[in-house]
Amino acid sequence: MDRPSDAPPTTVALTDDRATDTRVSGRKAATLAQLLRSGFPCADGMVIPAWIHQHFQERGKTGSDDGETSAHLERALDEITDVHHSDLLAVRSSSTVEDTNEASCAGHFTSVLDVRGATALRAAVLKCWGSAENVALPQRERVTEAPLMAVLVQRMLEPDAAGAAFATDPKDGDTTAVSVSAVRGRADRLMQGETAADEWTVTVSAATCVRNSYDAITPDQAVAIAELTRQVSAHLSCRAEVEWALLDGRITLLQARPTAGGDEHSVAWPAPPRGEWRRDIRLGEWLPEPVTPLFATWFLPTVDLRFRRAQWQRSGVLVPKPSYRLLHGWYYHSPLGDRRSSALLEGMLAHPGFACAMLVSRHRPSITNRIVVAKQTAALENHRLSCRALLGTVTAGFAAMSERVVVDFVNRVIALVGDCLWPMFLVGGTAWRAEEALASYYEKAILPELDEPYHGLLVDREQTEAVAPHAVSTLDWYRPTLGEVADGSGPQPRPVVSDDDDDRLKELCLAVLSRRRTDPARFNRLLTLARDTARLRRRYTGNLTEPWPALRQALLRLGTVLKERGVIDCPEHVHFLTYQELRTALSHGSPARRQELIAHRTSTWARQRALRPPLSLGTAAYLLPLLLGRPVVETDGRISPDVLEGIGVSPGRATGRARLVDHPAGAEVAAGDILVVRSLVPALAPLVARAGAVAADVGSVAAHMSVIAREYGVPAVVALHSVTQAVQDGDVITVDGTTGRVHRRGPVR
C-alpha cells in the first residue's frame, strides 16, 4: 500500500527538526535531537516515530489490523536498512513518558544491542513496542496509562572507553561535583552490574580518581566528561545524568536525562528509629558490597527469622522484627533490632544462667566456655553433618531435577544455615572474649617489659589445611566461590610458621613472668583457652559456606530454565529477580519477560557499589555494650591527611604498592603488594598469603580473616573506614599492623 503524500514519515533522522518533538520521537530520542541541534556531540540516528506504535495499539485493540501497520513498519525498516546496510545497530526504546523529572522509568523499556539484518531489526522493534505494556510500570512510576513508543536506531559504537556521569555526586550530594564512572570498551557490562568501574569525582577545580581498576580514562578526559555533563544539565535546566562513549579521544553522548526526583543521587543514610545498626557485625562482615535482589528476598529473611528464633529460645531475648536493614542495598544489623534494653532484661530473667555467663565472660571466659561452648559445639557439629548429608543427595547434579526439587533444595540449605548461625556466633563470641581476656592480662603483666604485641601468641601451629574451595568473597550467591576463580597454577596457600620460631613469644612471656615472680598458671590457662576457642571458631566459620558451590549450581539451573522460557537473557541474571518473581516465573506457562527490569536493577546495584556507607547508624541500647562489648573502635579512620587509623589485627610493618581489590577473580597482586579491600573475606586468603600487608575498611580482631592474616604472618589493619577511598591503586603506602595505622605517603621509618 502506497503512503499518501500527506501522511507522517515512517522514519525521522535525529537531525530533522521533527525529531525534537516528544510526540514524534519519544523523550529519549527527542532529548538527543535537541542536544544534537544545539551542538552537543551526540551520535546520529533514525527514529521510527510513535504514531506507528499508536496505529499498532489501536488496530490491536479493535482486532481490525488489515496489514496497514505491518506495511508502515516494513517501510520504516527498509529505510533504515537502506542507510545502514549491514551495520551493527543499537535499537533503543524511546517512550513518551520516560526520562522526566518525575519518573525515569529506567529499566522498564527494552533496548536491544548488536542487531544486524532486517529480520533481527524487526524483532528488536517489536520487543521495544512490547515493553510499553509493562504491567509493573504504573505501580513503580507515576504513569497512569500505557505509553506510546518511538524507537531509536543508531549504529553500534566500539569505543575505547564508556560509562556514566551524574551532575550530583552520589556519595554526598555535592551539587558542585560530577561523579564519573568509566570502563574500557562498551559500557553495557557496567550498566548490567557485571563489572566494577573506575570512579572519579570531578569538582570545578580538580579531578580525583577514587577507584582505579582499568585506567580507562585520564584526568583530563574525566574533566571533559564532567564539563559536558554540566553543560547538558544547564541546557536541560536540571541535574542530568548522561551515558557517554570515548572514541578516538572524542566524547559522544549516548543518552541524557534528568535525575529523577532531582535528588536520586543525593544519598542519605537515615538511622532507624531505635538501636545501633552496624554493617561490620554478624553477616555484615561477610557482605562487603550491596546485596542482589534474590539474595535479599530469599536468603536474608529466612536466615534472620531462624536466627532470631534460636536467640529467643536459648537466651530469652525476643526480637519480633527483622534484626537487619538494607539501606541502598547495604546490610546493617542490630542485635536487638529496634527494641530497647528492656528486651535484654526480659532475657536475663528468663535465662539467668546464660545471662550470668555472658556478663562474666569478659573477665572469666572459662565460665562461658563451660556453660556455652560445649553445647553449641555439639549443635554446630550436628549441623555440619546434616549439611553434608544434604549435599550428598545432589552429587549427580541438578540437570535432571525438576525446578520444584531444586527450589526445595535451596530452601533446605538456607534453613540449615539459619539454624547454625546462632551457635556459630556464640562460639565466635566466646573466642573473642577469651582473646580479649588474654590481651588484657598481657597488657598489664607482660607488655611493659616485652614491648611486643600479643597477636603472635594466637598463631595456630596445628593449622595446616589449604584454603577451602568454597571460600567466598561475599555470602551473596551472585559472586563465584574461590574454587570457581582459582587458576590452579600452584598449591593453595597455607599458614606460614617457622619451625625454629615455634612458640617463641610464649617462651618470652613465661620468662618475663618468671623474672617478675608471677605465677604463670593464669597466663597458661588464658592462652590455652584462647587458642582452643579460636580453633573452634575457625573450623566452624570456615564450614559455613560449604554449600555455596551447590547453591550456585542450583540457581544457575533455575536461571537456565528462565532463559529458555525467554524471561531473562542469561542464567546469571536470575540473581536480579526477587524470590517471588522467581517463583511466579517458574510456575507460569508464559511468564512475563523481566530483562528490562533486571537491566534497571543491575544498573542500580552497580551504582550502589560505588557508595561509601557509614560503619554505624543510630545509638546502641544502654545495656548492650555491657553484655556484648565493643569489638570495633569508634573512629572515622583518619587522624591526619596522610595517616589513617584503625585496628591492628596482625603485627608487623610493610611498605608496598597498593592494590585495590573488589573480588579475587582477575586480581593482580604480586608478592609484596599491599592488599586494600573493603572487607577481609575468606576467598581473599590466597591474596593475603601473597601480599606484603593488608588494609581493610571494616573488620575486627575477632574476624575470621583477621585470624588468617595472623596465621600467614601478614601485617593487617582493619576498621579503617575509608582506606579504599583514600588510597589509589598503585600508591606506595605503609601498613603498620602493630600500631593500627596506614601511612599514605610511602615508606615510614
Side-chain angles (χ1 to χ4, degrees), residues 356-373 426-461 497 501-538 620 623-635 639 645-653 699-703 706-707 709-711 713 715-719 735-741:
C356 289
M358 298 300 291
L359 284 170
V360 303
S361 62
R362 301 177 69 182
H363 305 287
R364 299 289 180 181
S366 58
I367 296 177
T368 307
N369 185 59
R370 288 196 298 270
I371 296 177
V372 175
V373 171
L426 282 182
V427 169
T430 302
W432 171 69
R433 288 176 177 82
E435 181 175 335
E436 187 181 40
L438 174 65
S440 178
Y441 180 86
Y442 184 92
E443 182 179 359
K444 295 176 182 177
I446 299 171
L447 184 61
E449 186 171 337
L450 193 57
D451 194 26
E452 186 170 338
Y454 77 93
H455 303 90
L457 290 169
L458 297 175
V459 175
D460 190 351
R461 289 160 173 79
V497 179
D501 195 39
D502 186 42
D503 261 3
R504 177 192 63 86
L505 184 55
K506 177 183 177 181
E507 297 303 322
L508 290 175
C509 293
L510 292 175
V512 169
L513 294 176
S514 176
R515 287 195 298 272
R516 300 183 66 175
R517 297 184 180 181
T518 301
D519 186 352
R522 177 166 171 76
F523 169 76
N524 285 326
R525 286 196 304 271
L526 290 174
L527 179 59
T528 299
L529 180 62
R531 287 180 173 180
D532 288 347
T533 53
R535 192 174 297 118
L536 286 174
R537 173 181 58 195
R538 181 179 55 254
L623 293 178
L624 198 59
L626 179 65
L627 289 177
L628 301 183
R630 300 197 65 82
V632 292
V633 294
E634 295 303 315
T635 173
I639 60 176
E645 184 171 52
I647 304 174
V649 297
S650 183
R653 175 185 285 182
S700 65
V701 174
S706 298
V707 177
R710 292 195 289 270
E711 290 170 352
V717 180
V718 301
V735 173
D736 192 328
T738 304
T739 63
R741 293 181 177 180

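Bear in mind that the values here come from a model prediction, so they are computed numbers and not experimental data.
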query = Considering residues at least two apart in sequence or located in another chain, which fulfil the side chain to side chain contact (heavy atoms under 4.5 Å, CB included) criterion with E449?
reply = V512, R515, R516
task = Keeping the roles fixed (side chain from R433, backbone from G429), state whether a donor-acceptor pair exists under 3.5 Å.
result = yes
task = Identify, with sequence neighbours excluded, every residue that meets side chain to side chain contact (heavy atoms under 4.5 Å, CB included) alongside V717.
result = L720, V735, V742
ask   = Which heavy atom in P715 sits nearest to a heavy atom in G737, and how many Å separate them?
value = CB-N, 4.3 Å
note = C509 and I446 have their tightest heavy-atom pair at CB-CD1, 3.7 Å
inquiry  = Check this for me: does any side-chain nitrogen of one of R653 and D736 sit under 4.0 Å from a carboxylate oxygen of the other?
reply    = yes
inquiry  = Has T738 got a side-chain atom pairing as donor or acceptor with P651's backbone, closer than 3.5 angstrom?
reply    = no
request  = For the residue pair T430 and L529, establish whether any side-chain heavy-atom pair is separated by less than 4.5 Å.
outcome  = no
query = Is the closest side-chain donor-acceptor distance between Y454 and E435 under 3.5 Å?
reply = yes
request  = Starting at CG of L457, measure out to CG of L505 and round the result to the nearest 0.5 Å.
outcome  = 4.0 Å
query = Residues two or more places apart in sequence or in another chain: which of them pass side-chain hydrogen bond (donor to acceptor under 3.5 Å, both in side chains) with N524?
reply = none
Partners passing side chain to side chain contact (heavy atoms under 4.5 Å, CB included) against A530 (at least two apart in sequence or in another chain) = A434, L438, L458
query = Mind checking whether L526 and Y442 have side chains closer than 4.5 Å, heavy atoms only?
reply = no
key: S514 side chain to L510 backbone, donor-acceptor under 3.5 Å   = no
ask   = Where is the tightest heavy-atom contact between A534 and A431, given as atom of each residue plus distance?
value = N-CB, 4.0 Å
message = If the condition is side chain to side chain contact (heavy atoms under 4.5 Å, CB included), which residues does T528 pass it with, not counting sequence neighbours?
response = D532
